[in-house]
Trainee: 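Before anything else, here's the structure in question.
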2 protein chains.
Amino acid sequence: MSDSSFRAIGACTFLSPIPAVMLSCRGTEPGYDRDNLITIAWAGVVNSAPPMVSVSIQPKRHSHKQIRQSGAFCLNLIGRSLCEATDFCGVKSGRDIDKFAATGLHARAVEGFPAPALEEAPAFLCCRVKRVISLGSHDMFLSEVEQVYVKDALFREDGSIDFGRAELVAYAHGEYYPLQDAPMGFFGYSVAGEDALRRRLGKGKA
Amino acid sequence: MSDSSFRAIGACTFLSPIPAVMLSCRGTEPGYDRDNLITIAWAGVVNSAPPMVSVSIQPKRHSHKQIRQSGAFCLNLIGRSLCEATDFCGVKSGRDIDKFAATGLHARAVEGFPAPALEEAPAFLCCRVKRVISLGSHDMFLSEVEQVYVKDALFREDGSIDFGRAELVAYAHGEYYPLQDAPMGFFGYSVAGEDALRRRLGKGKA
(Lines give C-alpha, C1' and ligand atoms only; values in the text may rest on other atoms or scores of the structure.)
Protein backbone atom coordinates (compact mmCIF):
# COMPACT_ATOMS: atom_id res chain seq x y z
CA MET A 1 0.00 0.00 0.00
CA SER A 2 3.01 2.27 0.23
CA ASP A 3 2.41 3.66 -3.25
CA SER A 4 -0.93 5.30 -2.44
CA SER A 5 -0.34 8.96 -2.41
CA PHE A 6 -1.38 11.81 -0.20
CA ARG A 7 -1.13 15.56 -0.68
CA ALA A 8 -0.12 17.84 2.19
CA ILE A 9 -2.65 20.68 2.44
CA GLY A 10 -1.17 22.53 5.43
CA ALA A 11 -2.22 22.82 9.05
CA CYS A 12 -5.98 23.19 9.38
CA THR A 13 -9.04 22.03 11.33
CA PHE A 14 -9.73 19.10 9.03
CA LEU A 15 -11.15 16.67 11.61
CA SER A 16 -14.36 15.18 10.15
CA PRO A 17 -17.16 14.43 10.63
CA ILE A 18 -17.84 16.77 13.53
CA PRO A 19 -21.10 17.83 15.15
CA ALA A 20 -23.44 20.42 13.66
CA VAL A 21 -25.46 21.48 16.69
CA MET A 22 -27.23 24.59 17.90
CA LEU A 23 -26.34 26.09 21.23
CA SER A 24 -29.08 28.03 23.00
CA CYS A 25 -28.29 30.52 25.74
CA ARG A 26 -29.41 33.67 27.49
CA GLY A 27 -27.34 36.25 29.38
CA THR A 28 -28.29 37.90 32.63
CA GLU A 29 -27.27 41.49 31.91
CA PRO A 30 -29.21 44.15 29.99
CA GLY A 31 -28.53 43.85 26.26
CA TYR A 32 -27.69 40.15 26.68
CA ASP A 33 -30.88 38.73 28.19
CA ARG A 34 -32.65 37.72 24.98
CA ASP A 35 -32.78 34.00 24.16
CA ASN A 36 -30.17 33.27 21.52
CA LEU A 37 -29.27 30.41 19.19
CA ILE A 38 -25.83 29.85 17.70
CA THR A 39 -24.37 27.15 15.56
CA ILE A 40 -21.44 25.15 16.86
CA ALA A 41 -19.18 22.72 15.04
CA TRP A 42 -16.21 23.14 17.38
CA ALA A 43 -17.80 20.82 19.97
CA GLY A 44 -16.99 17.39 21.32
CA VAL A 45 -17.30 14.92 24.14
CA VAL A 46 -14.26 15.18 26.42
CA ASN A 47 -15.06 12.99 29.44
CA SER A 48 -17.38 10.12 30.38
CA ALA A 49 -17.56 10.32 34.19
CA PRO A 50 -18.71 12.94 34.84
CA PRO A 51 -20.17 13.42 31.35
CA MET A 52 -18.50 16.49 29.86
CA VAL A 53 -18.46 18.30 26.55
CA SER A 54 -16.38 21.16 25.21
CA VAL A 55 -17.60 23.95 22.97
CA SER A 56 -15.28 26.58 21.53
CA ILE A 57 -16.49 30.11 20.81
CA GLN A 58 -14.71 33.29 19.73
CA PRO A 59 -14.53 35.88 22.55
CA LYS A 60 -16.05 38.59 20.35
CA ARG A 61 -19.29 36.64 19.92
CA HIS A 62 -22.48 37.82 21.61
CA SER A 63 -23.13 34.27 22.82
CA HIS A 64 -19.70 34.16 24.47
CA LYS A 65 -20.72 36.97 26.81
CA GLN A 66 -24.12 35.43 27.43
CA ILE A 67 -22.61 32.10 28.46
CA ARG A 68 -19.99 33.86 30.62
CA GLN A 69 -22.88 35.56 32.45
CA SER A 70 -25.19 32.55 32.93
CA GLY A 71 -22.55 29.81 33.15
CA ALA A 72 -24.85 27.50 31.24
CA PHE A 73 -26.21 26.55 27.81
CA CYS A 74 -28.17 23.86 26.03
CA LEU A 75 -26.67 21.91 23.14
CA ASN A 76 -29.45 21.03 20.71
CA LEU A 77 -28.92 18.21 18.23
CA ILE A 78 -30.18 19.00 14.77
CA GLY A 79 -31.99 16.99 12.14
CA ARG A 80 -32.23 17.63 8.41
CA SER A 81 -35.29 19.86 8.75
CA LEU A 82 -33.24 22.21 10.94
CA CYS A 83 -30.17 22.32 8.67
CA GLU A 84 -30.94 25.61 6.89
CA ALA A 85 -31.83 27.34 10.18
CA THR A 86 -28.61 25.95 11.65
CA ASP A 87 -26.58 27.48 8.88
CA PHE A 88 -28.45 30.78 9.25
CA CYS A 89 -27.73 30.88 13.00
CA GLY A 90 -24.07 30.32 12.20
CA VAL A 91 -23.74 33.39 10.00
CA LYS A 92 -25.96 35.90 11.84
CA SER A 93 -25.36 37.49 15.26
CA GLY A 94 -27.81 37.51 18.16
CA ARG A 95 -26.56 41.00 18.90
CA ASP A 96 -28.44 42.20 15.81
CA ILE A 97 -31.47 39.95 15.53
CA ASP A 98 -33.74 37.62 17.49
CA LYS A 99 -32.70 34.36 15.87
CA PHE A 100 -35.64 32.39 17.26
CA ALA A 101 -38.03 34.88 15.61
CA ALA A 102 -35.98 35.08 12.40
CA THR A 103 -36.00 31.30 11.94
CA GLY A 104 -39.54 30.67 13.21
CA LEU A 105 -38.12 28.33 15.84
CA HIS A 106 -39.16 28.27 19.49
CA ALA A 107 -37.32 28.58 22.79
CA ARG A 108 -38.33 26.04 25.42
CA ALA A 109 -37.90 26.85 29.09
CA VAL A 110 -36.12 24.16 31.09
CA GLU A 111 -37.24 24.14 34.71
CA GLY A 112 -34.51 25.15 37.10
CA PHE A 113 -32.01 25.79 34.31
CA PRO A 114 -30.76 29.25 33.26
CA ALA A 115 -30.68 28.59 29.51
CA PRO A 116 -33.46 27.90 27.03
CA ALA A 117 -33.59 24.81 24.82
CA LEU A 118 -34.70 24.52 21.19
CA GLU A 119 -38.23 23.11 21.09
CA GLU A 120 -37.76 21.70 17.57
CA ALA A 121 -34.56 19.76 18.38
CA PRO A 122 -34.72 15.95 18.47
CA ALA A 123 -32.75 16.07 21.74
CA PHE A 124 -30.81 18.53 23.85
CA LEU A 125 -28.15 18.49 26.57
CA CYS A 126 -28.23 20.90 29.53
CA CYS A 127 -24.63 21.92 30.18
CA ARG A 128 -22.99 23.83 33.01
CA VAL A 129 -19.65 25.55 32.41
CA LYS A 130 -16.87 24.35 34.71
CA ARG A 131 -13.82 26.01 33.20
CA VAL A 132 -12.91 28.32 30.33
CA ILE A 133 -9.56 27.95 28.57
CA SER A 134 -8.30 30.51 26.04
CA LEU A 135 -6.61 28.82 23.10
CA GLY A 136 -6.04 31.67 20.67
CA SER A 137 -8.89 32.42 18.29
CA HIS A 138 -11.38 30.59 20.51
CA ASP A 139 -12.19 30.06 24.18
CA MET A 140 -13.00 26.49 25.11
CA PHE A 141 -15.89 26.03 27.56
CA LEU A 142 -15.36 22.77 29.44
CA SER A 143 -18.84 21.89 30.63
CA GLU A 144 -20.61 19.19 32.54
CA VAL A 145 -23.80 17.66 31.14
CA GLU A 146 -26.46 17.94 33.83
CA GLN A 147 -29.41 16.37 32.05
CA VAL A 148 -30.36 15.14 28.58
CA TYR A 149 -33.83 15.38 27.06
CA VAL A 150 -34.89 13.27 24.09
CA LYS A 151 -38.07 13.74 22.06
CA ASP A 152 -40.75 11.11 22.59
CA ALA A 153 -40.87 10.31 18.88
CA LEU A 154 -37.32 8.89 18.96
CA PHE A 155 -38.17 6.11 21.42
CA ARG A 156 -39.08 2.61 20.27
CA GLU A 157 -41.82 0.75 22.14
CA ASP A 158 -39.20 -1.10 24.19
CA GLY A 159 -37.81 2.22 25.48
CA SER A 160 -34.63 2.15 23.39
CA ILE A 161 -33.73 5.09 21.17
CA ASP A 162 -33.87 4.84 17.37
CA PHE A 163 -31.39 7.52 16.43
CA GLY A 164 -32.15 7.07 12.74
CA ARG A 165 -35.43 8.94 13.38
CA ALA A 166 -33.46 12.03 14.43
CA GLU A 167 -32.12 12.35 10.85
CA LEU A 168 -28.94 13.92 12.21
CA VAL A 169 -26.63 16.11 10.18
CA ALA A 170 -22.82 16.18 10.51
CA TYR A 171 -20.38 18.87 9.49
CA ALA A 172 -17.35 18.04 7.38
CA HIS A 173 -14.90 20.50 5.86
CA GLY A 174 -17.43 23.32 5.56
CA GLU A 175 -20.38 21.25 4.39
CA TYR A 176 -23.45 19.73 6.05
CA TYR A 177 -23.87 15.99 5.41
CA PRO A 178 -26.98 14.08 6.50
CA LEU A 179 -26.36 10.75 8.19
CA GLN A 180 -27.85 7.69 6.56
CA ASP A 181 -30.92 6.33 8.35
CA ALA A 182 -29.47 2.97 9.35
CA PRO A 183 -26.25 2.37 11.29
CA MET A 184 -23.47 0.13 9.88
CA GLY A 185 -22.87 -1.32 13.31
CA PHE A 186 -22.83 -0.73 17.03
CA PHE A 187 -19.87 -0.37 19.39
CA GLY A 188 -18.41 -3.87 19.65
CA TYR A 189 -20.08 -5.26 16.50
CA SER A 190 -16.76 -6.38 15.01
CA VAL A 191 -16.37 -8.95 17.78
CA ALA A 192 -20.07 -9.65 18.52
CA GLY A 193 -21.70 -13.02 18.10
CA GLU A 194 -24.27 -13.77 15.38
CA ASP A 195 -27.13 -13.44 17.88
CA ALA A 196 -26.25 -9.91 18.87
CA LEU A 197 -25.73 -8.92 15.23
CA ARG A 198 -29.14 -10.29 14.22
CA ARG A 199 -30.89 -8.68 17.18
CA ARG A 200 -29.30 -5.25 16.81
CA LEU A 201 -28.68 -4.94 13.08
CA GLY A 202 -31.26 -7.36 11.73
CA LYS A 203 -28.57 -9.29 9.89
CA GLY A 204 -25.52 -11.47 10.28
CA LYS A 205 -21.93 -10.38 9.85
CA ALA A 206 -21.30 -8.85 6.42
CA MET B 1 -44.91 23.87 19.76
CA SER B 2 -44.97 23.85 23.55
CA ASP B 3 -46.90 20.59 23.63
CA SER B 4 -44.17 18.46 22.04
CA SER B 5 -42.77 16.26 24.72
CA PHE B 6 -39.31 15.23 25.74
CA ARG B 7 -38.15 12.53 28.18
CA ALA B 8 -35.29 13.19 30.58
CA ILE B 9 -32.78 10.34 30.29
CA GLY B 10 -30.20 11.53 32.82
CA ALA B 11 -26.75 13.06 32.47
CA CYS B 12 -24.76 11.36 29.72
CA THR B 13 -22.45 11.94 26.76
CA PHE B 14 -25.29 12.23 24.26
CA LEU B 15 -23.72 14.77 21.88
CA SER B 16 -24.20 13.48 18.31
CA PRO B 17 -22.98 13.05 15.69
CA ILE B 18 -19.37 12.92 16.78
CA PRO B 19 -16.25 11.74 14.95
CA ALA B 20 -15.32 8.11 14.52
CA VAL B 21 -11.61 8.31 13.80
CA MET B 22 -8.52 6.18 14.35
CA LEU B 23 -5.59 7.57 16.25
CA SER B 24 -2.19 6.13 15.38
CA CYS B 25 0.74 6.45 17.72
CA ARG B 26 4.00 4.91 18.88
CA GLY B 27 5.76 5.23 22.23
CA THR B 28 9.48 5.65 22.75
CA GLU B 29 10.08 3.26 25.67
CA PRO B 30 10.53 -0.52 25.57
CA GLY B 31 7.13 -2.24 25.59
CA TYR B 32 5.48 0.83 24.07
CA ASP B 33 7.39 1.28 20.82
CA ARG B 34 5.12 -0.76 18.53
CA ASP B 35 2.89 1.20 16.12
CA ASN B 36 -0.62 1.26 17.53
CA LEU B 37 -4.11 2.18 16.34
CA ILE B 38 -6.96 3.17 18.62
CA THR B 39 -10.47 4.35 17.97
CA ILE B 40 -11.52 7.74 19.22
CA ALA B 41 -14.99 9.26 19.40
CA TRP B 42 -14.16 11.69 22.21
CA ALA B 43 -12.46 14.09 19.78
CA GLY B 44 -13.25 17.54 18.48
CA VAL B 45 -11.96 20.74 17.00
CA VAL B 46 -11.27 23.28 19.76
CA ASN B 47 -9.52 26.19 18.06
CA SER B 48 -9.07 27.67 14.57
CA ALA B 49 -5.88 29.74 14.88
CA PRO B 50 -3.73 27.88 15.58
CA PRO B 51 -5.70 24.81 14.41
CA MET B 52 -6.20 22.60 17.46
CA VAL B 53 -8.07 19.41 18.30
CA SER B 54 -8.73 17.63 21.55
CA VAL B 55 -8.78 13.88 22.06
CA SER B 56 -9.73 12.28 25.36
CA ILE B 57 -8.25 8.96 26.46
CA GLN B 58 -8.45 6.97 29.69
CA PRO B 59 -5.14 7.03 31.62
CA LYS B 60 -5.08 3.23 31.86
CA ARG B 61 -4.92 2.83 28.09
CA HIS B 62 -1.74 1.64 26.39
CA SER B 63 -2.06 4.47 23.85
CA HIS B 64 -2.22 7.04 26.66
CA LYS B 65 1.30 6.12 27.71
CA GLN B 66 2.52 6.01 24.13
CA ILE B 67 1.25 9.53 23.43
CA ARG B 68 2.66 10.79 26.73
CA GLN B 69 6.05 9.48 25.61
CA SER B 70 6.07 10.77 22.03
CA GLY B 71 3.96 13.89 22.50
CA ALA B 72 2.38 13.27 19.12
CA PHE B 73 -0.21 11.25 17.19
CA CYS B 74 -2.00 11.12 13.86
CA LEU B 75 -5.78 11.35 13.63
CA ASN B 76 -6.94 9.27 10.69
CA LEU B 77 -10.38 9.89 9.20
CA ILE B 78 -12.27 6.72 8.40
CA GLY B 79 -14.49 5.70 5.54
CA ARG B 80 -17.09 2.92 5.41
CA SER B 81 -14.57 0.30 4.34
CA LEU B 82 -12.64 0.95 7.57
CA CYS B 83 -15.65 0.86 9.88
CA GLU B 84 -15.31 -2.74 11.09
CA ALA B 85 -11.56 -2.30 11.71
CA THR B 86 -12.34 0.92 13.55
CA ASP B 87 -14.71 -0.89 15.85
CA PHE B 88 -12.19 -3.67 16.39
CA CYS B 89 -9.48 -1.18 17.33
CA GLY B 90 -11.86 0.33 19.86
CA VAL B 91 -12.40 -2.90 21.77
CA LYS B 92 -8.90 -4.43 21.68
CA SER B 93 -5.75 -3.20 23.39
CA GLY B 94 -2.42 -2.53 21.68
CA ARG B 95 -0.80 -3.91 24.84
CA ASP B 96 -1.96 -7.38 23.81
CA ILE B 97 -1.91 -7.37 20.03
CA ASP B 98 -0.43 -5.66 16.98
CA LYS B 99 -3.58 -3.98 15.70
CA PHE B 100 -2.11 -3.15 12.30
CA ALA B 101 -1.34 -6.83 11.77
CA ALA B 102 -4.66 -7.98 13.24
CA THR B 103 -6.69 -5.75 10.92
CA GLY B 104 -4.50 -6.12 7.85
CA LEU B 105 -4.00 -2.37 7.79
CA HIS B 106 -0.69 -0.58 7.22
CA ALA B 107 1.31 1.98 9.15
CA ARG B 108 2.69 4.82 7.04
CA ALA B 109 5.79 6.66 8.17
CA VAL B 110 5.47 10.44 8.15
CA GLU B 111 8.82 12.13 7.53
CA GLY B 112 10.02 14.08 10.53
CA PHE B 113 7.05 13.10 12.66
CA PRO B 114 7.22 10.69 15.64
CA ALA B 115 3.89 8.92 15.00
CA PRO B 116 2.77 6.67 12.15
CA ALA B 117 -0.31 7.37 10.02
CA LEU B 118 -2.85 4.91 8.64
CA GLU B 119 -2.08 4.22 4.98
CA GLU B 120 -5.70 3.28 4.23
CA ALA B 121 -7.24 6.47 5.67
CA PRO B 122 -8.78 8.99 3.26
CA ALA B 123 -6.94 11.73 5.18
CA PHE B 124 -4.97 12.21 8.37
CA LEU B 125 -3.94 15.04 10.71
CA CYS B 126 -0.50 15.17 12.33
CA CYS B 127 -1.01 16.47 15.86
CA ARG B 128 1.41 17.61 18.53
CA VAL B 129 0.29 17.56 22.18
CA LYS B 130 0.43 20.97 23.88
CA ARG B 131 -1.31 20.31 27.17
CA VAL B 132 -2.95 17.43 29.03
CA ILE B 133 -5.90 18.11 31.34
CA SER B 134 -7.32 15.43 33.66
CA LEU B 135 -11.11 15.55 33.76
CA GLY B 136 -12.01 12.42 35.71
CA SER B 137 -12.40 9.25 33.68
CA HIS B 138 -10.39 10.71 30.80
CA ASP B 139 -7.39 12.90 30.14
CA MET B 140 -7.88 15.49 27.43
CA PHE B 141 -4.93 16.00 25.07
CA LEU B 142 -5.09 19.53 23.67
CA SER B 143 -3.09 19.31 20.49
CA GLU B 144 -2.01 21.46 17.62
CA VAL B 145 -2.47 20.26 14.05
CA GLU B 146 0.90 20.51 12.31
CA GLN B 147 0.01 19.19 8.89
CA VAL B 148 -2.91 17.51 7.12
CA TYR B 149 -2.55 14.90 4.37
CA VAL B 150 -5.41 14.08 2.00
CA LYS B 151 -5.50 11.15 -0.41
CA ASP B 152 -5.13 12.04 -4.07
CA ALA B 153 -8.38 10.29 -4.96
CA LEU B 154 -10.42 12.86 -3.00
CA PHE B 155 -9.32 15.80 -5.12
CA ARG B 156 -11.38 17.06 -8.03
CA GLU B 157 -9.59 18.22 -11.18
CA ASP B 158 -9.86 21.84 -10.03
CA GLY B 159 -7.97 21.02 -6.82
CA SER B 160 -10.99 21.22 -4.50
CA ILE B 161 -11.82 18.31 -2.22
CA ASP B 162 -14.90 16.14 -2.81
CA PHE B 163 -15.49 14.86 0.71
CA GLY B 164 -18.32 12.62 -0.48
CA ARG B 165 -15.63 10.33 -1.92
CA ALA B 166 -14.24 9.74 1.58
CA GLU B 167 -17.52 7.99 2.54
CA LEU B 168 -17.05 9.15 6.12
CA VAL B 169 -18.67 7.49 9.11
CA ALA B 170 -19.97 9.31 12.20
CA TYR B 171 -20.59 7.97 15.68
CA ALA B 172 -23.91 8.59 17.42
CA HIS B 173 -25.05 7.13 20.70
CA GLY B 174 -23.02 3.93 20.38
CA GLU B 175 -23.62 3.32 16.67
CA TYR B 176 -21.69 3.98 13.47
CA TYR B 177 -23.68 5.91 10.84
CA PRO B 178 -22.35 6.46 7.31
CA LEU B 179 -22.73 9.98 5.94
CA GLN B 180 -24.76 10.39 2.78
CA ASP B 181 -22.67 11.02 -0.35
CA ALA B 182 -23.96 14.52 -1.11
CA PRO B 183 -24.01 17.50 1.27
CA MET B 184 -27.27 19.36 2.01
CA GLY B 185 -25.42 22.64 1.91
CA PHE B 186 -22.21 24.50 2.61
CA PHE B 187 -21.41 26.98 5.37
CA GLY B 188 -23.37 30.12 4.47
CA TYR B 189 -25.78 28.43 2.03
CA SER B 190 -28.84 29.74 3.88
CA VAL B 191 -27.94 33.29 2.87
CA ALA B 192 -26.12 32.56 -0.40
CA GLY B 193 -27.24 33.84 -3.78
CA GLU B 194 -28.66 31.60 -6.49
CA ASP B 195 -25.35 31.62 -8.36
CA ALA B 196 -23.37 30.24 -5.44
CA LEU B 197 -26.04 27.61 -4.77
CA ARG B 198 -26.01 26.45 -8.36
CA ARG B 199 -22.23 26.38 -8.54
CA ARG B 200 -21.67 24.54 -5.25
CA LEU B 201 -24.76 22.38 -4.91
CA GLY B 202 -25.82 22.07 -8.54
CA LYS B 203 -29.27 23.41 -7.70
CA GLY B 204 -31.21 26.45 -6.55
CA LYS B 205 -32.54 27.06 -3.06
CA ALA B 206 -34.82 24.25 -1.87
Side-chain angles (χ1 to χ4, degrees), chain A residues 1 5-9 11-18 42-53 56 77 83-84 87-88 91 106 119 125 135-138 140 145-152 163 168 170 172-180 183-191, chain B residues 1 5-9 11-18 42-53 56 77 83-84 87-88 91 106 119 125 135-138 140 145-152 163 168 170 172-180 183-191:
Chain A
M1 300 293 294
S5 86
F6 287 84
R7 298 187 205 172
I9 62 166
C12 61
T13 55
F14 203 75
L15 178 63
S16 302
I18 52 178
W42 287 189
V45 176
V46 293
N47 200 56
S48 299
M52 292 182 73
V53 295
S56 289
L77 308 193
C83 189
E84 192 166 344
D87 183 65
F88 181 83
V91 293
H106 299 82
E119 181 68 47
L125 294 73
L135 295 172
S137 58
H138 288 64
M140 180 176 61
V145 181
E146 277 194 6
Q147 182 59 276
V148 175
Y149 292 88
V150 180
K151 214 157 237 179
D152 261 346
F163 232 148
L168 296 176
H173 194 49
E175 294 181 313
Y176 305 95
Y177 284 85
L179 270 56
Q180 293 185 14
M184 287 190 72
F186 50 89
F187 180 73
Y189 84 108
S190 65
V191 296
Chain B
M1 299 296 293
S5 87
F6 287 84
R7 297 186 206 174
I9 62 166
C12 61
T13 55
F14 203 75
L15 178 62
S16 301
I18 52 178
W42 288 188
V45 177
V46 294
N47 200 56
S48 299
M52 292 182 72
V53 295
S56 289
L77 308 194
C83 189
E84 192 165 345
D87 183 65
F88 180 84
V91 295
H106 298 82
E119 180 70 46
L125 293 73
L135 295 173
S137 56
H138 288 65
M140 181 176 62
V145 181
E146 278 194 4
Q147 184 57 278
V148 174
Y149 293 88
V150 180
K151 213 158 238 178
D152 261 347
F163 231 147
L168 296 176
H173 193 51
E175 294 180 313
Y176 305 95
Y177 284 85
L179 269 55
Q180 293 186 14
M184 289 189 71
F186 51 88
F187 180 72
Y189 85 107
S190 65
V191 296

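The chains referred to below are lettered A, B, ... by the order of the sequence lines, with proteins before strands, and numbering in each begins at 1. Scope of the values below: all heavy atoms of this structure, side chains included, with no hydrogens, waters or symmetry mates.
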Trainee: What heavy-atom pair brings S16(B) and L168(A) nearest, and what distance separates the two atoms?
Mentor: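 Scanning both residues completely, I find the closest heavy atoms to be CB-CD1, 3.8 Å.
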Trainee: Name the option with the most non-hydrogen atom pairs under 4.5 Å to chain A; the candidates are Y177(B), F187(B), F88(B).
Mentor: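 Max contact count across the listed options: Y177(B).
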Trainee: Give the minimum heavy-atom separation between G188(A) and V91(B), together with the two atoms involved.
Mentor: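 Smallest heavy-atom distance, with atoms named: CA-CG1, 4.0 Å.
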Trainee: Given the options L77(B), V150(B), I18(B), which has more heavy-atom pairs under 4.5 Å with chain A than any of the others?
Mentor: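 Between L77(B), V150(B), I18(B), the count favours V150(B).
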Trainee: Please find the pair of heavy atoms, one from A11(B) and one from E146(A), that lie closest to each other, and give the distance.
Mentor: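 Minimum heavy-atom contact is CB-O, 3.5 Å.
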Trainee: State whether the side chain of N47(B) and the backbone N or O of L135(A) hold a donor-acceptor pair below 3.5 Å, judged by distance alone.
Mentor: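 Between the backbone of L135(A) and the side chain of N47(B) there is a qualifying donor-acceptor contact (under 3.5 Å).
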Trainee: Going by side-chain contact (heavy atoms from CB on, under 4.5 Å), name the residues that satisfy it together with A49(A), two or more places apart in sequence or in a different chain.
Mentor: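 Only S137(B) meet the side-chain contact (heavy atoms from CB on, under 4.5 Å) criterion with A49(A).
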Trainee: Of the listed residues (A172(A), G136(A), C12(A)), which shares the most heavy-atom pairs with chain B below a 4.5 Å separation?
Mentor: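 Of the options given, most contacts go to C12(A).
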Trainee: Specify the closest pair of heavy atoms between M140(A) and V46(B), including all atoms of both residues, with the distance to one decimal.
Mentor: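 In this case the closest contact between M140(A) and V46(B) is SD-CG1, 3.7 Å.
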Trainee: Under the side-chain contact (heavy atoms from CB on, under 4.5 Å) criterion, do D152(B) and F6(A) qualify, and how do the steps go?
Mentor: CA-CA 5 Å; D152(B) 261 347; F6(A) 287 84; over 6 Å; no
Trainee: Among the options I9(A), V145(A), V148(A), pick out the one with the most heavy-atom pairs lying under 4.5 Å from chain B.
Mentor: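 Of I9(A), V145(A), V148(A), V148(A) has the most heavy-atom pairs under 4.5 Å with chain B.
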Trainee: Which heavy atom of T13(A) sits nearest a heavy atom of S48(B), and at what distance?
Mentor: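 Result for this residue pair: CG2-CA, 4.1 Å.
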Trainee: For the rings on Y149(B) and F14(A), is their centre-to-centre separation under 6.0 Å?
Mentor: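 No, the ring of Y149(B) stays outside the 6.0 Å limit from the ring of F14(A), centre to centre.
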Trainee: Identify the heavy atoms of L15(B) and L125(A) that sit nearest to each other, and give their distance.
Mentor: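 L15(B) and L125(A) have their closest heavy atoms at N-CD2, 3.6 Å.
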Trainee: In terms of heavy-atom pairs under 4.5 Å with chain B, which of Q180(A), H138(A), E175(A), R7(A) leads?
Mentor: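 Most heavy-atom pairs within the cutoff with chain B belong to R7(A).
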Trainee: For Y176(B) and Y189(A), take the angle between the two ring planes, folded into 0 to 90°, and tell me which bin it lands in: parallel under 30, tilted 30 to 60, perpendicular over 60.
Mentor: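 Taking Y189(A) first and then Y176(B), their aromatic rings sit tilted (interplane angle of 30° to 60°).
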Trainee: If you count heavy-atom pairs under 4.5 Å with chain A, which of P50(B), C83(B), A170(B), A43(B) comes out on top?
Mentor: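 Among the listed options, the one with the most contacts to chain A is C83(B).
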Trainee: Using side-chain heavy atoms (C-beta onward) and a distance below 4.5 Å, is L179(A) in contact with P17(B)?
Mentor: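 Heavy-atom side-chain distance check passes, below 4.5 Å.
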